[in-house]
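Residues: numbered from 1 along the sequence shown. Remember, it's a predicted structure, so these values are computed and weren't measured experimentally. Heavy atoms only: backbone and side chains are in, while hydrogens, waters and symmetry mates are out.
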Amino acid sequence: QVQLVESGGGLVQAGDSLRLSCAASGRTISSYAMGWFRQAPGKEREFVAVISRSGGSTYSADYADSVKGRFTISRDSAKNTVYLQMNWLKLEDTAVYSCAAAPAGDYFYTPTRPNNYDYWGQGTQVTVSS
């Protein structure tokens, strides 16, 4: 079992930055692709970013078009933690952000669908005001 706990959310103004953290416990997440998803009120959960599992020569990452160039996903194997650096935040980024873990045998596997993920955190609220 993998337990995931997100932190770092808050209330910020448009144009500001935030860094979200996703701390894993229970087992190492090195063999998992790690993703970030978000859900705004009244909307479906949507993919934000994913990073491939550890062990390859480099990491692969993928982003939703709406966050490309503004958000960066990274992982720290020593800390068993995944991060989401969010810059130039917009009003439409307001949502609950959740991290998730997907078992990955392939070093380049970067799933974008929620049903690819086995473990989920509770989420952290990000609110962007004008």
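Every pair passing ring pair (Phe, Tyr, Trp, His ring centres under 6.0 Å) that includes a residue from residues 34-90 is listed here, sequence neighbours excluded: F37-F47, F37-Y117, F37-W120. Among pairs with a residue in residues 60-71, those fulfilling salt bridge (Lys or Arg N to Asp or Glu O under 4.0 Å) read D65-K68, R70-D93, at least two apart in sequence or across chains.
Judged purely by atom type and a 3.5 angstrom limit, R53 uses its side chain to pair as donor or acceptor with the backbone of A104.
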Given side chain to side chain donor-acceptor pair (under 3.5 Å), test S77 with S54 step by step and report yes or no. CA-CA 7 Å; S77 296; S54 303; 3.1 Å; yes
Run the side chain to side chain contact (heavy atoms under 4.5 Å, CB included) check on V96 and T124 step by step: do they pass? CA-CA 5 Å; V96 174; T124 185; over 6 Å; no
Show, in sequence, the C-alpha distance, side-chain angles and deciding distance for C99 and V82, and conclude whether the side chain to side chain contact (heavy atoms under 4.5 Å, CB included) test is met.
CA-CA 8 Å; C99 66; V82 179; 5.9 Å; no
Q) When you look at N80 and S25, which way does the side chain to side chain contact (heavy atoms under 4.5 Å, CB included) test go after all the steps? A) CA-CA 8 Å; N80 218 29; S25 62; 5.9 Å; no
Is there a side chain to side chain contact (heavy atoms under 4.5 Å, CB included) between L20 and M86 once you walk through the steps? CA-CA 8 Å; L20 305 183; M86 306 187 296; 3.7 Å; yes
Practice item. List the steps and the verdict of side chain to side chain donor-acceptor pair (under 3.5 Å) for D76 and T81. Key: CA-CA 5 Å; D76 185 331; T81 299; over 6 Å; no
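Residues Y109 and P111 form a side-chain contact, since some pair of their non-hydrogen atoms from C-beta on lies under 4.5 Å apart. The shortest distance between side-chain heavy atoms of S129 and L11 falls below 4.5 Å. Side-chain contact between L18 and Q85 is absent, with no heavy atoms from C-beta onward closer than 4.5 Å. Taking 4.5 Å as the limit, every side-chain heavy atom of Q39 sits out of range of all side-chain heavy atoms of S98. Within the 4.5 Å cutoff, no side-chain heavy atoms of V126 are placed close to those of T94. Counting only heavy atoms from C-beta outward, the side chains of V48 and L84 approach each other to under 4.5 Å.
Of all non-hydrogen atoms in A95 and R38, the two that sit nearest each other are CB-CB, 3.8 Å. Across all non-hydrogen atoms, the minimal contact from P103 to D118 is CG-OD2, 3.1 Å. Nearest heavy-atom pair across M34 and C22 is CE-SG, 4.3 Å. When all heavy atoms are compared, the tightest approach of L4 to A24 is CD2-CB, 3.7 Å.
Defined by atom type and a distance below 3.5 Å, a donor-acceptor pair is present between the side-chain atoms of T127 and Q125. In summary, the side chains of T110 and S52 do not present any donor paired with an acceptor at a separation below 3.5 Å, with no hydrogens or angles considered.
Side-chain heavy atoms closer than 4.5 Å link hydrophobic residues (I, L, V, M, F, W, Y) into clusters, and following such links, even through other members, never connects F108 to V50. The hydrophobic clustering, which links ILVMFWY residues whose side-chain heavy atoms are closer than 4.5 Å, places I73 and V2 together.
Legend: residues meeting ring-ring contact (aromatic ring centres under 6.0 Å, His included) with Y97, ordered by chain and number and at least two apart, are absent.
Atoms CD and OG1, on E46 and T112 in that order, are 12.0 Å from each other to the nearest 0.5 Å. Here the straight-line distance linking atom OG1 of T72 with atom CZ of R19 works out to 11.5 Å at 0.5 Å rounding. Between the CD atom of Q3 and the CD atom of Q122 there is a distance of 11.0 Å, given to the nearest 0.5 Å. If you take OG on S30 and CZ on R75, they are separated by 7.5 Å, rounding to the nearest 0.5 Å.
Around atom CD of E44, no more than 12 heavy atoms belonging to other residues, nucleotides or ligands sit under 6.0 Å away.
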